[in-house]
Amino acid sequence: MKKIAILGATGSIGNSTIDVIRKNPDYFDPALFSAHANIESLVKLGKEYPKARLALTGKAKHVPVDIRWTGREGLLRALEECARSGVDIAVNGIAGADGLEPSLAALDAGMNLALANKETIVMAGEIVSMKAREKNACIIPVDSEHSAIFQLLRAHGTENLASIILTASGGPFRTLPLEQLARVKPHDALAHPTWNMGVKISIDSASMANKGLEVIEAVKLFDVPPSKVKVVVHPQSIVHSMICFLDGSVYAQLSKPDMRHPIQDALFFPGKGTVSFDTLDFTSLTIGFEAPDEKRFPLLPLAYYAAKAGSLYPVAYNAANEEAVSLFLEEKIGFLDIARIVEIVLQQDWTGIVTLDAVWEADKKARACVYRC
Ligand code: NDP
Ligand code: MG
């Protein structure tokens with residue numbers, strides 16, 4: 001029985017994780033649930049799993065007695081206590097840059113980290129990987145593309161690896177002309193054709209910033225140069241990613257677009273679970289691939305720019321995008337302004353050694369820059 005801490009338990013990744021746990025009651029035992037604002041769902045989870053700790057990271061006027069851990073600090077202390085009571089793995093499904101600190105805390109406490117929060121790797125992959133090595137803990141990617149690559153590299157090795165191909169759904173605006181992209185509203189951007197996800201990542205999928213973040217994530221997680229990470233649009237989201245070898249062989253990982261697959265893989269790691277969700281029916285499957293359009297989706301080439309520049313450029317890319325997405329959601333800027341702003345922010349100097357203090361300083365500086373664009 002593995003004991004599991006679920007961070008961001010009330011979100012899209014959190015819900016899928018709890019569903020995997022419900023389907024595998026003999027294997028997984030939730031030890032901690034965290035939420036930021038959704039007290040009602042958190043308390044409900046506490047009723048379903050009375051032994052699990054409950055942590056609320058956001059501010060609230062009235063916190064029910066069942067929630068013993070509050071604030072950012074409260075979550076970090078709950079994680080420490082989890083580690084002392086033998087919790088094996090933390091699933092990080094927190095949205096945004098605030099996921100970094102809990103990722104480090106989970107690793108510091110010696111837990112394996114099932115990581116959906118891509119910002120952790122984009123912002124501080126170097127620091128987080130070092131922490132995992134120091135603590136003899138594993139980082140198991142949950143992002144579907146990185147989960148696919150992780151599994152493929154474990155099966156086929158890294159010797160003679162030529163490239164990694166990340167697949168991208170292309171999002172709801174895959175075929176929309178540039179002039180119309182300028183006029184899209186948040187509710188258009190939130191209507192993703194294949195995945196059902198949280199608000200921020202849905203906007204990022206529509207702008208392809210999500211794929212940009214994933215390029216940086218792949219570079220840092222798998223220690224490959226940006227030139228070896230390619231992106232191909234695959235609207236059906238069935239092939240989750242591919243790896244290519246120098247002899248021309250390509251290996252792919254396929255499943256239905258359902259985050260419960262990569263989550264289940266991460267929870268059972270290094271073992272394998274048995275399928276409890278829909279599987280593919282090849283007799284009714286038509287899939288296709290096309291090149292991404294960098295003119296309509298400039299956040300993708302901008303991510304390559306940040307990945308190649310390294311240093312604190314990925315931090316600036318992530319922070320500027322996160323802030324610009326908030327402004328777009330508030331309808332204060334247009335959809336195409338997100339990329340325009342990120343480009344201006346990246347024109348500044350983001351060189352520097354990647355320490356935790358430097359990461360947070362660059363994050364803060366990049367967010368402030370957004371309001372001067
Ligand atoms: P959601 O917005 O659906 O959920 C976010 C979760 O994090 C909620 O539980 C929320 O609590 C909590 N949260 C929000 N803000 C904070 C904060 N400042 N501090 C601590 N907790 C916070 O997001 P997703 O589940 O879609 O995404 C989570 C992460 O996983 C992101 O990094 C995303 O990029 C990544 N990811 C998601 C995929 C998906 O399919 N959804 C696929 C691949 C990666 P509350 O509900 O109380 O507000
Ligand atoms: Mg993904």
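Each ligand, and each atom within it, is numbered from 1 in the order the structure gives.
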Participant: Would Ser12 count as being in polar contact with ligand 1, using the rule that some N or O on each side must be under 3.5 angstrom apart?
Facilitator: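 For ligand 1, there is an N or O atom that lies under 3.5 Å from one belonging to Ser12.
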Participant: Between Glu119 and ligand 1, which residue portion shows a heavy-atom distance shorter than 4.0 Å: side chain, backbone, both, or neither?
Facilitator: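 The answer is the side chain of Glu119.
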Participant: Taking the N/O/S atoms of Glu145 one by one, which is nearest to the Mg ion (ligand 2)?
Facilitator: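 Going through the N, O and S atoms of Glu145 one by one, OE1 ends up nearest to the Mg ion (ligand 2).
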Participant: Arg260 and side-chain hydrogen bond (donor to acceptor under 3.5 Å, both in side chains): which partner among Asp19, Asp265, Asp278?
Facilitator: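 Single side-chain hydrogen bond (donor to acceptor under 3.5 Å, both in side chains) partner of Arg260 among Asp19, Asp265, Asp278: Asp19.
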Participant: Starting from atom 35 (C) of ligand 1, which protein heavy atom do you reach first, and at what distance in Å?
Facilitator: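 Answer, as residue, atom name and distance: Ala116 O, 3.2 Å.
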Participant: Identify, for atom 26 (O) of ligand 1, the protein heavy atom at the shortest distance, and state residue, atom and that distance.
Facilitator: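 Nearest protein contact, heavy atoms only, for atom 26 (O) of ligand 1 is Gly198 N, 2.8 Å.
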Participant: Could you work out, for atom 48 (O) of ligand 1, the closest of Ser205, Ala37, Ser16 by heavy-atom distance?
Facilitator: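 The residue whose heavy atom sits nearest atom 48 (O) of ligand 1 is Ala37.
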Participant: Counting only heavy atoms closer than 4.0 Å, does ligand 1 sit against the backbone of Met259, its side chain, both, or neither?
Facilitator: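 For Met259, the contact with ligand 1 is made by the side chain alone.
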Participant: In terms of heavy-atom contacts, does CG of Asp66 have more than 12 from other residues, nucleotides or ligands at under 6.0 Å?
Facilitator: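 Yes, CG of Asp66 has more than 12 neighbouring heavy atoms, counting only those of other groups under 6.0 Å.
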Participant: Please determine if Asn38 has a nitrogen or oxygen closer than 3.5 Å to a nitrogen or oxygen of ligand 1.
Facilitator: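 By distance alone, the answer is yes.
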Participant: Output yes when the distance from some N or O of ligand 1 to some N or O of Gly11 is under 3.5 Å, and no in every other case.
Facilitator: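 Gly11 vs ligand 1: N/O contact under 3.5 Å present.
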Participant: Between Met197 and ligand 1, is there a nitrogen or oxygen pair with a distance under 3.5 Å?
Facilitator: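 Between Met197 and ligand 1, no N or O pair is found under 3.5 Å apart.
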Participant: Do side-chain atoms of Arg367 reach the backbone of Ala320 as a donor and acceptor pair under 3.5 angstrom?
Facilitator: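 No, Arg367 side chain to Ala320 backbone: no donor-acceptor pair under 3.5 Å.
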Participant: On the 0 to 90° scale, with breaks at 30° and 60°, tag the Tyr251-His156 ring pair as parallel, tilted or perpendicular.
Facilitator: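 Answer is parallel, since the angle falls under 30°.
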Participant: Taking atom 31 (C) of ligand 1 as the point of reference, which of Ile94, Leu213, Ile13 owns the nearest heavy atom?
Facilitator: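 Among Ile94, Leu213, Ile13, the closest heavy atom to atom 31 (C) of ligand 1 belongs to Ile94.
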Participant: At a 4.0 Å cut-off, with the gap strictly under it, does some heavy atom of Ala9 reach an atom of ligand 1?
Facilitator: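 Heavy atoms of Ala9 do come under 4.0 Å of ligand 1.
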Participant: Donor-acceptor pair, distance only, cut-off 3.5 Å: does the side chain of Asn38 make one with the backbone of Ser41?
Facilitator: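 Yes, because the side chain of Asn38 sits within donor-acceptor range (under 3.5 Å) of the backbone of Ser41.
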Participant: In degrees, rounded to 10 degrees, what angle do Glu214 atom OE2 and Asp143 atom OD1 make at the Mg ion (ligand 2)?
Facilitator: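 Vertex at the Mg ion (ligand 2): approximately 90°.
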Participant: Out of Asp143, Val142, Val91, Thr17, indicate the one that has the non-hydrogen atom closest to atom 44 (C) of ligand 1.
Facilitator: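 Checking each option, the heavy atom nearest atom 44 (C) of ligand 1 is found in Asp143.
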Participant: For atom 20 (C) of ligand 1, what's the nearest protein heavy atom and its distance?
Facilitator: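 Result for atom 20 (C) of ligand 1: Thr57 OG1, 3.2 Å.
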Participant: Look at atom 46 (O) of ligand 1 and say which protein heavy atom is nearest, naming residue and atom and giving the distance to 0.1 Å.
Facilitator: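 Heavy-atom neighbour on the protein nearest atom 46 (O) of ligand 1: Thr10 OG1, 2.7 Å.
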Participant: Is a donor on one side and an acceptor on the other found under 3.5 Å between the side chain of Lys228 and the backbone of Leu161?
Facilitator: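 Side chain of Lys228 to backbone of Leu161: a pair is present.
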Participant: Is any NZ, NE, NH1 or NH2 atom of the basic residue among Lys3 and Asp88 found under 4.0 Å from an Asp or Glu carboxylate oxygen of the other?
Facilitator: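 Judged by the 4.0 Å cut-off on N to carboxylate O distance, Lys3 and Asp88 do not form a salt bridge.
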Participant: Less than 4.0 angstrom from a charged side-chain N to a carboxylate O is my criterion; do Glu343 and Arg340 meet it?
Facilitator: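 Result for this pair is no, no salt bridge flagged.
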Participant: Is a side-chain donor or acceptor of His234 paired with a backbone partner of Gly288 at a separation under 3.5 angstrom?
Facilitator: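 Yes.
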Participant: Which protein heavy atom lies closest to atom 19 (N) of ligand 1, and at what distance to 0.1 Å?
Facilitator: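 Atom 19 (N) of ligand 1 sits closest to the protein heavy atom His36 ND1, 3.3 Å.
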Participant: For ligand 1, is Gly14 a contact, meaning one of its heavy atoms is under 4.0 Å away?
Facilitator: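 The answer is no, since Gly14 has no heavy atom less than 4.0 Å from ligand 1.
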Participant: Okay, side chain of Lys2, backbone of Leu267: is any donor-acceptor separation there less than 3.5 Å?
Facilitator: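 Yes, Lys2 side chain to Leu267 backbone: donor-acceptor pair under 3.5 Å.
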Participant: Ring of Trp350, cation from Lys365 - is the NZ or CZ under 6.0 Å from the centre and inside 45° of the axis?
Facilitator: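 Cation-pi check for Lys365 and Trp350: passes.
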Participant: Heavy-atom distances under 4.0 Å decide this one: backbone, side chain, both or neither, for Asn117 against ligand 1?
Facilitator: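 The part of Asn117 near ligand 1 is both the backbone and the side chain.
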